[in-house]
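Data first, discussion second: the structure below is written as structure tokens.
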Amino acid sequence: MSALAARAIGTSRLDLLPLRVEHAEEMAAVLSDPALHTFTGGTPDTPHTLRSRYQRMTAGSPDPAVSWLNWVIRLRDASCLTGTVQATVGPSGHGPIAEIAWVVGTPWQGRGIAGEAARGLVAWLGRQPVHTVIAHIHPDHRASAAVATAVGLTPTEEWHGGELRWQRSLGR
């Protein structure tokens with residue numbers, strides 16, 4: 001499989017824009033609520049730290065068989081960034097697999113933004129050479145479980161780092 005590149009994805013209300021280092025300052029404010037780290041650990045990044053992270057992420061995976069795909073979520077009507085979605089695509093024994101994740105800033109939660117963004121991402125992945133989509137979700141994180149369900153992922157019996165693996169075959 002050749003490396004994939006993030007492309008802009010549009011949904012009814014959102015633009016998923018390929019991550020750029022220049023997004024760091026606005027995203028630091030979007031992701032500034034410590035409550036966003038309840039299930040994942042850590043603390044909010046400063047703009048400087050996020051800029052450094054985004055530089056590494058946009059440089060791409062050091063493994064040529066793995067694609068790091070990252071987007072910021074832009075709420076079109078408000079013309080503001082509200083969160084991120086990402087997919088790490090790599091080989092597996094059953095064909096290319098994408099591990100996805102999402103986060104929406106606290107002020108924008110409860111509006112269906114994460115579900116809409118994740119549906120847009122999974123639809124895009126369905127047009128790529130990806131066989132399976134997975135996500136790892138903390139068992140107490142009901143909102144993320146709802147997003148996973150909305151994109152057709154179902155829980156498995158597999159655990160990874162205290163999180164349950166959710167999975168969907170794209171039928172290839």
When every non-hydrogen atom of A148 is compared with those of I137, the smallest separation belongs to CB-CD1, 3.5 Å
Using side chain to side chain donor-acceptor pair (under 3.5 Å) as the criterion, list what pairs up with R13, not counting sequence neighbours.
-> E116
Supply the atom-to-atom distance L121 CG to L14 CG, rounded to the nearest 0.5 angstrom.
-> 12.0 Å
Beyond-backbone contact of V104 with L36, side-chain heavy atoms, under 4.5 angstrom = no
Side-chain heavy atoms of C80 within contact of E26, under 4.5 Å | yes
I would like to know whether I73 and L81 meet side chain to side chain contact (heavy atoms under 4.5 Å, CB included); could you show each step before the answer?
-> CA-CA 6 Å; I73 303 168; L81 301 183; over 6 Å; no
Could you check if a side-chain atom of V66 sits within less than 4.5 angstrom of a side-chain atom of T88, using non-hydrogen atoms only?
-> yes
Qualifying salt bridge (charged side-chain N to carboxylate O under 4.0 Å, His left out) pairs, either residue in residues 28-46, two or more places apart = D45-R53
Ring pair (Phe, Tyr, Trp, His ring centres under 6.0 Å): pairs with one or both residues in residues 8-52, sequence neighbours excluded = F39-H138, F39-H141
Residues forming a ring-ring contact (aromatic ring centres under 6.0 Å, His included) with H160, sequence neighbours excluded | H136
Least distance between heavy atoms, P44 atom then S32 atom | CG-O, 3.2 Å
Sequence neighbours left out, what passes side chain to side chain contact (heavy atoms under 4.5 Å, CB included) with T149? Give chain and number order.
-> W166
Step through the shown structure and confirm whether more than 12 heavy atoms of other residues, nucleotides or ligands are within 6.0 Å of CD on Q55.
-> yes
Which residue pairs pass the salt bridge (charged side-chain N to carboxylate O under 4.0 Å, His left out) test with at least one member in residues 56-65, sequence neighbours excluded?
-> none
Hey, does the side chain of R51 reach the backbone of E22 with a donor-acceptor pair shorter than 3.5 angstrom?
-> no
Heavy atoms, side chains only, cut-off 4.5 Å: are M27 and V72 in contact?
-> yes
Heavy-atom nearest pair, A118 first then V147, reads CB-CG1, 3.7 Å
Distance (rounded to the nearest 0.5 Å) between R168 CZ and T156 OG1 = 16.0 Å
Value for CG (L125) from CG (L170), rounded to nearest 0.5 Å, stands at 7.0 Å
Pairs touching residues 65-86 that satisfy salt bridge (charged side-chain N to carboxylate O under 4.0 Å, His left out), sequence neighbours left out | D15-R74, D15-R76
For residues H131 and S169, determine if any side-chain heavy atom of one lies less than 4.5 Å from a side-chain heavy atom of the other.
-> yes
Go through the structure and list residues passing ring-ring contact (aromatic ring centres under 6.0 Å, His included) with W102, not counting sequence neighbours.
-> none
Residues that T132 engages under side chain to side chain contact (heavy atoms under 4.5 Å, CB included), provided they are two or more places apart = I97, I134, Q167
What salt bridge (charged side-chain N to carboxylate O under 4.0 Å, His left out) pairs are there with at least one residue in residues 141-159, not counting sequence neighbours?
-> E158-R165
Flag the pair V85 / I100 as yes when at least one side-chain heavy-atom distance between them is below 4.5 Å, and no otherwise.
-> no
Using a 4.5 Å cut-off on heavy atoms from C-beta on, say whether the side chain of L153 contacts that of V133.
-> yes
Qualifying residues under side chain to side chain donor-acceptor pair (under 3.5 Å), relative to T49, sequence neighbours excluded | T46
Is there a side-chain contact between N70 and Y54, using heavy atoms and a 4.5 Å cut-off?
-> no
Quick one: ring pair (Phe, Tyr, Trp, His ring centres under 6.0 Å) pairs with a partner in residues 62-88, sequence neighbours left out?
-> W71-W124
Starting at OG1 of T38, measure out to CG of D140 and round the result to the nearest 0.5 Å.
-> 11.0 Å
